[in-house]
Structures are given as structure tokens and as C-alpha cells.
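Structure record follows, encoded as C-alpha cells.
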2 protein chains.
Amino acid sequence: MAVCVNCRHHGLCVHRVAIFSPLSAEESHRVAELIVHKEYHKGDFIMTEGEQLSRLVIVQEGQVKAFRSTADGREQILYIFSSGDFFGEKNLLRNQPASYSVQALVDTCLCMISRSDFQQLLRAHPEIGMKIMEELCRRLERLETAVESLGARDGDARVSSVLLEFAERYGEEHPRGVLVRLPLSRQGIADYVGLTRETVSRKLSSLQAEGVVELIGNKKLLIIDKTALEMGSSQD
Amino acid sequence: MAVCVNCRHHGLCVHRVAIFSPLSAEESHRVAELIVHKEYHKGDFIMTEGEQLSRLVIVQEGQVKAFRSTADGREQILYIFSSGDFFGEKNLLRNQPASYSVQALVDTCLCMISRSDFQQLLRAHPEIGMKIMEELCRRLERLETAVESLGARDGDARVSSVLLEFAERYGEEHPRGVLVRLPLSRQGIADYVGLTRETVSRKLSSLQAEGVVELIGNKKLLIIDKTALEMGSSQD
DNA sequence: AAAAAACTGTGATCCGTGTCATAGTTTGAA
DNA sequence: TTCAAACTATGACACGGATCACAGTTTTTT
């Protein structure tokens, strides 16, 4: 596996995480001592809905999905967390159970800090609280947008907007457009935008037929006409 | 109108708001000085998507809806804020524009505190930051549930769950069940759960036909069989 | 109190997406 | 390299909710 070797040997992860940016070099060294590392394989569960974790978890390397299992047997993906993101915030302030499950999408290395250590840290450095608030607000905005998009039950718009979101987060320059490494399978995309696997397939196919995107295998995709997606995701 | 008379004469609103609960009597007196009150009529806009308000707004008396206007002309309601709730948090930490519009559902009195005053307060009383974090987490959880519910596009479940939510927040005891004063019109409910006015009407009618609820005019509703709603909102 | 405006309920029809079925493709293991 | 398991694409069909239309009701205005 050999993920996060750096991280284990030096306390590097502290530097990679925005919420710890208010710390001085010396302080972050001390914080690094408090952190426990753990590696997970693709598919491993990191936490389960309802569980009481009482740790803040930071993604050091890799990618995980956070989701809820719905009553009708579906799986609603809420977040995709990558390097630098954190989760488990719910269990820190109050003693609340996790409101979603988290599962590794690829081999992943996580940093964990205990509830008590973190609370002490928060008292000593209120600016960390600010950082967390900022991130919570960002996350709220993401979910607000998700609600907006799911409320307007237009399938095309949902697929377009998820592609734009992935392009923003995981896209890289390419002579003919933006190359996106998809973090999710077709089923995963469906679980993210509230459609079925089949519908996502069809929408992607027709986008390709229209020359808007180009499917490269199942895990990559080239966005050729970004404007068309932007139009499709909003007005038509 | 005559809303919030108390509030204007004494600084009472400070006491009614959870986020200021860490303040001592004397401190809250001082904070009350910083607060500006303002009254709005039903239908008035308090803030508009994209606007830079740079104030934290607290609902003293009344009720407002927070929503986004979607590209396809719909209106997606994100939150309903009542007495004690706050909004405008986005503009406080960073200088971000509001991610939603806010409009008064009834005549409403609001308390506002400026960005700089609030930040000073936050520095002096880190516990206020904690309270805000808690509330942001609560709000996140609400939205996560909304996403889950909108993702599973079953109309019956959406209506059932919104009724349960309203019962929780606005319901009162009644010999035959729970009496709910609906904060939204049929169209409003539709905008909240991502359906059309007509579908909401139909679902409510059939719930009434099944003896689960009883419609009392357009603004009230009696939940007779809460269990049926709970079953309908999850598994079937 | 009367009139206007806004809101609600319900039928008829249409369309999009879910569901089911099946074949093709990719991925990973032996 | 071969084989199996998992994933993907696509057609056929059904069904639920959107849309359109209109009548009835409630609320607001003057």
C-alpha cells in the first residue's frame, strides 16, 4: 500500500490541513504528537451512521465518501472528502452520533485527534474554531446547492452540475478541454445526484453524442464544451 | 403592527437567543446596546441572494423563509427561521455574499449586530463561537436529511417528512393528535420539498382520505395518525 | 359589504425517469 | 493469458408526478 509514509515519519499532515494553519511551527509539532494515523483499503468503512466516534478525522491521503443509507434501500452520498478535508465534527462539540457513514473510495490514510485533545486545542487557539466555522459554512453552501439541484428534479441539470463540480475539484488542463478523473462509478454518481445508474449512463451518453463531453473509459471524462454544461445545469 | 415592543424598550432579545447564552447579565446588557432592531411586514425582503449584508441577523419575533431562486424559475426554500434563529453567518467570517434570499412570512421583528461588533464579541467570548458551531452543525444535519429525502424522489415520503418536521417545530397538543400551524402555503410546501403545488394538494387530500391527517382550512392541519406518517416517510 | 386578488383542489394528459432485461465492457485475480 | 466478477450501455415498458385547465375557496382591499 505504502500510502502516507511521509506523514507517519514526520508530522507533515498538520501542515497540509487548513484548520491547523493558525498554529506556529512549534505548536504544530506538538499537535502532531496528538495525532494517530490509520490506513484504510478501498471499500473499508471508517465510520458508520449512528456510531459515536469521538474523534476528529482528517484525510491525509486518499479519498472517502460520506453517505446515508436511505429507508428505500438507496445510498445518498453527501460528501466526498479528499486530502485536507475533515469529518466527525458532530461528535466533538456535543456527544452526538455520526449522521452519516464514511467509506474509503481508494486506499486512504487518515489522521485522527481525540475529542479531548481537540477541545483543548480549540480553547488554546480560538482561530482554529474560526477555520472550522468557515469550513462548516462552505459545507452548508455545498448542501444548499445540492438541495436546490435535487429539488428541481431535472435529470440533465443534475448530471451537468455534478460534472462541473468534479471538474472544479478534480479537473486538470487538457489541450481539448478539462480532463476529469471521476471519483465515483456510475452508480456512485447516481447515488450522489439522486438518479439511477441507468439514467446517469444515458445522460452521459447523450452528452457525448452532443459533443459536450468525451468518455474515456469509465473513470475519466473530458469536458469539451464547458459552456454547454453550464447552460444545461441552469437555464435551458 | 406592534410587534416586538418589549424588545425595543428593554434589550430582551439577547436573552431569547441561544448563541448569547454564555453572556453574563451585565455583558448581555452591553451587547443589547450594539443591537439594532428592525420590523418587516409579511412579504418584505430582508436580504437578497448575492447581497453583502455584513450583519448577523437574529429573528426576535415572527418567521422568515430562506430560499434560492433556481434557474428554471422555481424557488427552493432552504430554511424557515423562527424566533431565536439567526442568519447571515456567511458574511461574518469572510466577506462573502449571501447564498440565499430571506423574506418575511409574517410580520417580523429582527435584531441585527454589525460584523465588527460581532467579531469583537466572538473574540471576547469564544463560547459564543461554540454555540454557533453547534447551530451550524444542526443546520448541516437538517440539510443532509433534506438531501437524503430529495434524493429519494418519492412524493409521499417528502410530504410525510415535512409534516413531521412541522409537527416537531410548530405542533401543539390536541385531544385527537397534534395540531400544526403550517408556516407555508401549499406552494411554499412544494417549494420546500421539491414538488409542485398540485402534487402537494393531492398528497394532502389522500392523507386526509386515509384518515392520517385532517385539513383545517389552509393554514392548520391535525395529525391524527403520526405513526402512519413516520412509516410513510421512511420504509413503506 | 362587495369586489378583486390570491390561493386551493381536482380532473385529463404527457413526459421523464425508474424498472426490468440483456448484452457488452472493464477490471482484477489466478 | 484466461477467466470470473463487477461494472456499464441500451432497449422496452410502466408509472408517478409535471403540466394544463378550470372551478371553488379563502383572504385582502377598498
Side-chain angles (χ1 to χ4, degrees), chain A residues 1 41-43 65 70 72-76 103 105-107 149-160 162 181-210 213-221 232 236, chain B residues 1 41-44 65 70 72-76 103-107 149-160 162 181-210 213-221 232 236:
Chain A
M1 174 136 77
H41 288 280
K42 175 175 174 177
K65 67 174 175 181
T70 69
D72 59 323
R74 284 181 55 262
E75 189 173 282
Q76 177 65 51
Q103 193 177 10
L105 287 171
V106 294
D107 290 352
S149 146
L150 292 179
R153 82 242 59 57
D154 183 306
D156 302 280
R158 297 191 192 187
V159 173
S160 296
V162 75
R181 226 194 111 66
L182 299 170
L184 298 172
S185 67
R186 298 289 183 274
Q187 180 68 61
I189 295 174
D191 290 339
Y192 194 52
V193 300
L195 295 171
T196 56
R197 183 175 61 73
E198 292 93 330
T199 302
V200 171
S201 265
R202 282 187 251 267
K203 298 296 178 196
L204 288 177
S205 294
S206 58
L207 282 176
Q208 182 166 40
E210 292 162 22
V213 304
E214 196 174 303
L215 303 172
I216 304 168
N218 292 330
K219 295 193 172 148
K220 284 185 190 168
L221 167 151
D236 212 3
Chain B
M1 173 137 72
H41 287 281
K42 176 177 175 177
D44 287 352
K65 67 173 175 182
T70 68
D72 58 324
R74 283 181 56 263
E75 189 174 282
Q76 177 65 51
Q103 194 178 8
L105 288 172
V106 294
D107 290 351
S149 147
L150 292 178
R153 85 242 53 60
D154 182 306
D156 301 282
R158 296 191 193 188
V159 172
S160 296
V162 75
R181 226 195 110 67
L182 299 170
L184 298 173
S185 67
R186 298 289 183 273
Q187 179 68 60
I189 295 174
D191 290 340
Y192 193 52
V193 300
L195 295 171
T196 57
R197 181 179 65 73
E198 293 92 330
T199 302
V200 172
S201 265
R202 282 188 250 267
K203 298 295 180 196
L204 287 177
S205 295
S206 58
L207 282 176
Q208 183 166 38
E210 293 163 20
V213 305
E214 196 175 303
L215 303 173
I216 304 167
N218 292 330
K219 294 192 172 149
K220 284 185 189 167
L221 168 151
D236 215 1

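Naming: A, B, ... by sequence-line order, numbering from 1 per chain. These numbers come from a predicted model, not from an experiment.
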B/D44: which residues meet the salt bridge (Lys or Arg N to Asp or Glu O under 4.0 Å) condition with it, sequence neighbours left out?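 B/D44: no salt bridge (Lys or Arg N to Asp or Glu O under 4.0 Å) contacts found.
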Distance, nearest 0.5 Å, that separates NZ of B/K42 from CG of B/D107: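 CG of B/D107 is found 8.5 Å from NZ of B/K42.
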Which residues share a side chain to side chain donor-acceptor pair (under 3.5 Å) with B/R202, sequence neighbours left out: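 Here no residue qualifies.
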For B/T199, side chain to side chain donor-acceptor pair (under 3.5 Å) partners two or more places apart: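 Scan of B/T199 (side chain to side chain donor-acceptor pair (under 3.5 Å), adjacent residues dropped) gives B/T196.
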Whole angstrom value for the distance that separates [atom2] of [N] from [atom1] of [X]:
| X | N | atom1 | atom2 | value |
| --- | --- | --- | --- | --- |
| A/D107 | C/dG28 | CG | C1' | 14 Å |
| A/L150 | C/dT17 | CG | P | 13 Å |
| A/K219 | C/dT26 | NZ | C1' | 9 Å |

Show the numbers, then the answer: is there a side chain to side chain contact (heavy atoms under 4.5 Å, CB included) between B/L221 and B/L204? CA-CA 10 Å; B/L221 168 151; B/L204 287 177; 4.1 Å; yes
Checking side chain to side chain contact (heavy atoms under 4.5 Å, CB included) for the pair B/L195/B/V159: CA distance, chi angles, key distance, verdict? CA-CA 9 Å; B/L195 295 171; B/V159 172; 3.9 Å; yes
Do any pairs count as a salt bridge (Lys or Arg N to Asp or Glu O under 4.0 Å) and have a residue in residues 181-201 of chain A, sequence neighbours left out, and if so which ones?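 Of all non-adjacent pairs touching residues 181-201 of chain A, none passes salt bridge (Lys or Arg N to Asp or Glu O under 4.0 Å).
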Which residues pass the side-chain contact (heavy atoms from CB on, under 4.5 Å) test with [X], not counting sequence neighbours?
| X | answer |
| --- | --- |
| B/K65 | B/F67, B/E75, B/I77, B/Q103, B/L105 |
| A/S185 | A/Q187 |
| B/Q208 | B/V213, B/E214, B/L215 |

Angle, rounded to 10°, between the helical axes spanning five pairs at each terminus of the helix from C/dA1-D/dT30 to C/dA30-D/dT1?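 Answer for the end axes of this duplex: 60°.
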Polar atoms only, N or O, under 3.5 Å: list the protein pairs with nucleotides 5-9 of chain C and their distances.
residue, atom, partner, partner atom, Å
C/dT8, OP1, B/R186, N, 3.3
C/dT8, OP2, B/R186, N, 3.3
C/dG9, OP1, B/R186, NH2, 3.4
C/dG9, OP2, B/R186, NE, 2.9
C/dG9, OP2, B/S201, OG, 2.5

How would you give the extent of chain B contacts on DNA chain D, as first and last nucleotide 5' to 3' within a 4.0 Å heavy-atom cut-off?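 Using the under 4.0 Å cut-off, the span is D/dG17 to D/dT28.
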So what does B/K203 touch, heavy atoms closer than 4.0 Å: a base, only the sugar-phosphate, or nothing?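 Contact class for B/K203: sugar-phosphate only.
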